[in-house]
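As structure tokens, the structure follows; a few thoughts come after it.
Naming convention: chains lettered A, B, ... in sequence-line order (proteins, then strands); numbering from 1 in each chain. Values below: every heavy atom of this structure, side chains too, minus hydrogens, waters and symmetry copies.
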Amino acid sequence: MESQLGKDTVRKEARDKVTGAAKYTNDLADAPMRHAKLLTSSHAHARIVAIDTSKASAMPGVRSVITAQDSHLLCGSMLRDRPPLADGKVRYYGEPVAMVVADEEQQAQAAAGKIQVTYEPLPVVNSIAEAIKANPVIVHEQLMSYTKMEQEVYPLPGTNICHRQKISTGNLPKGWADSETVIEGSFTLPQSDHGAMETRAARCIIMPDGRVMIKSSSQAPYSVKEEISAYFNIPAGKIIVQVPLVGGGFGGKTAAQLEVLAVIAARAVQGQWINLVNSREEDLVSSPSHLGLAATIKMGAAKDGKIMAAAMTFYIDSGAYAEISPKLAKAIAVECTGPYNIPNLQCDCCSVYTNHPYAISFRGFGHEALAFCLERMVDKLAFALNMDPFQVRLINAVRPGDLKPTQEKTTLSNTGDIRQCLEKLRTLINWDEGTPIKEANNLIRAKGIACLIKTSDTPTDAGAAVILTFNSDGSINLNCGAVEIGPAMKTTAAQILAERMKMSLEDIHVQLTVDTASSPYYWKTVASMTTYIIGRAVLNAADDALGQLLNLAAIALHCPPEDLDFKDKIVFVKHDPTLYIAFKDLVKGYQFANGNTIKGPLVGRGSFVMSRLRPLDEATGKGKAGSSWTVGAQAVEIEYDPQQHTYRPLKAVTVIDAGKVLNPKTAKGVVMGGMCMGLGLGMNEEFVYDPYGIVANTSFRTYKMLRYGETPNYLVEFVETPQIDAPYGARGIGEHGIIAIPVALANAIASAAQIDVNRLPITPEYIWREKTRA
Amino acid sequence: MHYAGDSIIELHVNGESKSVAVKPSHTLLDVLRKQLSLTGAKPGCANGDCGACTVLIDAMPVKSCLMLAVEAIGRQITTVEGLKDAPIQDAFIRNWGFQCGYCTSGFLMVCHALAMHHPNAEQSVIEEWLQSNLCRCTGYAEIKDAIQSILSGNLHRHRQRGAFF
């Protein structure tokens, strides 16, 4: 049978999605249902003096008004520092303070407005600089008393630093001595938002026997289950989390946030579904966001452009709570050299508390922020050395055998071929024509390039299982815990299964809804790891099912199983294909002519867990954070108006070493989506704070994502250096389109406007200020 | 019994007449989703910024979060559930016009109306119409391919090249 891999394959749920039949959490018909609404903080940092809920409680339809007084509880997936409802003080603008449950959504909303909170404002930590200065205002006075959910969290007492990750390799003084040119740079990136089109939603009901049923728009139903179990001391088996289709995740739907609040509401009002849905404004600031970053980098290179040494300091603006930011610090630290070989290195990466919305994973998991700083440095280095930025990248790009900052050895299989990506990029962006170029119309055309790299930064036990059941037509139901958040991961899993089973994709049925009570475990749908982790589990499940099918067919066909082969839902004798039996006559067991039946309904089982990962050494960072890397190179071409300081992107190019492209159009689409998001971060997107830490842009009218017509032409191409341990060689590519686009844009603008770009987003006003030093 | 403030109104949705009890403050989006179970229109922002709730009112795209249900009395309402094999639906599938699918209903309605009113729309007109909606998954390239594939100018060109039919 012809391979089904590498062909454009329409996603399984396509027809549902163009007819309105596709259901997302808040579309589900659960009745009767009560509605919960939040009252959120109007201050970024304030002591809560009093909360008067009497007026709200007296409003029509109100069943319960809940504050932290009803449940002193601390949450957090790594460090339990976050009360689901502010307890004693508020730490960011938009923080949930109280919750109303009422019969109607409007009633809950109206009552929330009647809750009176008396605040005593506190000085605000409104930037990373304010968080790390001497004698700072402290966001968490009780930092050292918090319970760790994971071991790799190292808070510093008496500071706003909730985690510090160090990397140290080689001999730094020798590196500086070997350097002919040494440059320094400082960079700042603002916090921003995922902007998934579906706002987060959670539902919960406590059943009469105490089972907790949750439906939510989560990328991580199994960790929601485990976290709720830990927070409320409920056995995990009594918690059931169901996730239908999710309207975009981008990392933002990985925290147990609304789910915890929904459980609190459901406990207050027993016996009915609670519906808790974010407004867009809440989704932007109350729920977690994208990190901010401040970085200082010193880099030295020999005359030939070879980077000899680097010293880097990163501070992540994790906002008011730690959530996943210690892991983001780890991710930045372990990848701090990018796809380059830097033999002598010191890196210090801290997650710091501020009075900003708290950060969670975001497409790229910090690598997009890291790439901005690092790839600006490479361009600056090229400028200082009077070399071509392309050549500097090529000279320093990792070769098989080079060591990563974690002292892991790179191979072609585990890293891919960055040089081939760069060479393809050079052609696609027509790099050799030079940049900038003055156009006839007084405009300037310019290009910027940058490289990307990312590993998974998964826990050492990230794994998944897959269950296959069979229908009486011989077709297969594929049940796995991956959430369909957009990139067609269920379809990819089906393709992998169809390929191994040598049957048509039409005969693979995917279960779209994840139900933790019936779908087998999957760590989380994150980190671009679903094809790898779920894919490996699918292959194991397929092999398990095939073994059973062949053994049973051997009995039916009176021959040893090794004489059998299979395709198109049929098992046949290799040397005489006229002897065969169909899957459909095997999947419920084999029935002899006399009616006797052996073996029962067939179930295929497969498991997979990441192998050989280990935590990082606290002092040196030595360890293993992922099974492989994905590398690539990106470019942006712009047209810049030197009078207005406006610009528009003309072309954006990505070349990624995908290992093996399983579904070309889908792969390209996911990469283009990442590029578009990267351009948004580069051009427009940021949270704007007033002097009191209040986010000024909490709607899509003021938080500007790119719209139709504002995007450039995209060119996406793939290199295919197989990752030997990945399903059919396919590497993770889900996040990668975003990573180096903001900095490729910055490098293009630096070239066009002849300015030093050291922050995002790059607005015309910013360029004007840099040009005029206004 | 208290007067709940609800009024019975009749709405013409997808070719059918539906009686619904509404308050004056109910938006059309809320009534479509909660009372008529037409959940294809999505509350992406409830501010008119994202377009995920777009429906057709007398064949023109309207953000149903910005329209009161009572304003829709006597008008023909078409939601994504009312599209019956419209060319744009297939075009979105053929051109990979969506990923998560949450913005899709809104884009389909805008594109469907655009194709009806401006079958030969130029790029600038397409842009003007489609800038009303946000998509966070795609980079809009596939949506552009989808809408262009159903505009009759393109159909005509494809026909001449023999690429269609």
Which region of [X], side chain (C-beta onward) or backbone (N, CA, C, O), has a non-hydrogen atom less than 4.5 Å from a non-hydrogen atom of chain A, or is it both or neither?
X: B:Q89; answer: both
X: B:L134; answer: both
X: B:S124; answer: neither
X: B:Q123; answer: side chain
X: B:N133; answer: backbone
X: B:K34; answer: side chain

Spacing of NZ belonging to A:K490 relative to CG belonging to A:L245, to within rounding of 0.5 Å: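 Those atoms lie 9.0 Å apart.
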Looking at CZ of A:R34 and CG of A:N275, how far apart are the two atoms once the value is rounded to the nearest 0.5 Å? 13.0 Å
Please report the C-alpha distance between B:R136 and A:E685 in whole Å, then the side-chain angles of each, then the deciding distance to 0.1 Å, and finally whether the salt bridge (Lys or Arg N to Asp or Glu O under 4.0 Å) criterion is met. CA-CA 13 Å; B:R136 189 61 156 173; A:E685 294 183 34; 2.8 Å; yes
Please classify the contact of [X] with chain B as side chain, backbone, both or neither, using a heavy-atom distance under 4.5 Å.
X: A:M675; result: neither
X: A:T19; result: both
X: A:A488; result: neither
X: A:V670; result: both
X: A:E484; result: neither

If you tally heavy-atom pairs under 4.5 Å against chain B, which of [options] wins?
options: A:T199, A:V10, A:V246; answer: A:V10
options: A:S699, A:G248, A:G680, A:G669; answer: A:G669
options: A:N26, A:N713, A:L284; answer: A:N26
options: A:V671, A:D8, A:V277; answer: A:D8
options: A:R15, A:E13, A:K23; answer: A:R15
options: A:M672, A:K665, A:R363; answer: A:K665

Most heavy-atom pairs under 4.5 angstrom with chain A, which of [options]?
options: B:F92, B:F98, B:Y102; answer: B:Y102
options: B:S105, B:G40, B:C137; answer: B:C137
options: B:I88, B:N95, B:V80, B:L83; answer: B:V80

Using a distance-only test with no angle check, is there a side-chain donor-acceptor pair under 3.5 angstrom linking A:N278 and A:S287?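 Per modelled atom types, A:N278 and A:S287 side chains form a pair under 3.5 Å.
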A:T9 vs A:T666, side-chain contact (heavy atoms from CB on, under 4.5 Å): CA-CA, chis, key distance, verdict: CA-CA 8 Å; A:T9 304; A:T666 297; over 6 Å; no
Measure from the side-chain N and O atoms of A:S217 to the backbone N and O of A:A201, and report whether any donor-acceptor pair falls under 3.5 Å.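 Yes, because the side chain of A:S217 sits within donor-acceptor range (under 3.5 Å) of the backbone of A:A201.
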Keeping the roles fixed (side chain from B:Q35, backbone from B:S37), state whether a donor-acceptor pair exists under 3.5 Å. no
Flag the pair A:D27 and B:K42 as a salt bridge only when some basic side-chain nitrogen lies within less than 4.0 angstrom of an acidic carboxylate oxygen. yes
Applying side chain to side chain donor-acceptor pair (under 3.5 Å), name anything that partners A:D16, two or more places apart in sequence or on another chain.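 Listed in chain order: nothing, the list is empty.
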What do you reckon, is CD of A:Q106 surrounded by more than 12 foreign heavy atoms closer than 6.0 Å?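 It does: A:Q106 CD has more than 12 such atoms within range.
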Do A:K668 and B:W96 meet the cation-pi criteria used here (NZ or CZ under 6.0 Å from the six-membered ring centre, within 45° of the axis)? no
Reference residue B:D49; test salt bridge (charged side-chain N to carboxylate O under 4.0 Å, His left out); the match among A:R280, A:R701, A:R707: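 Going through the options one by one, the only one that passes is A:R701.
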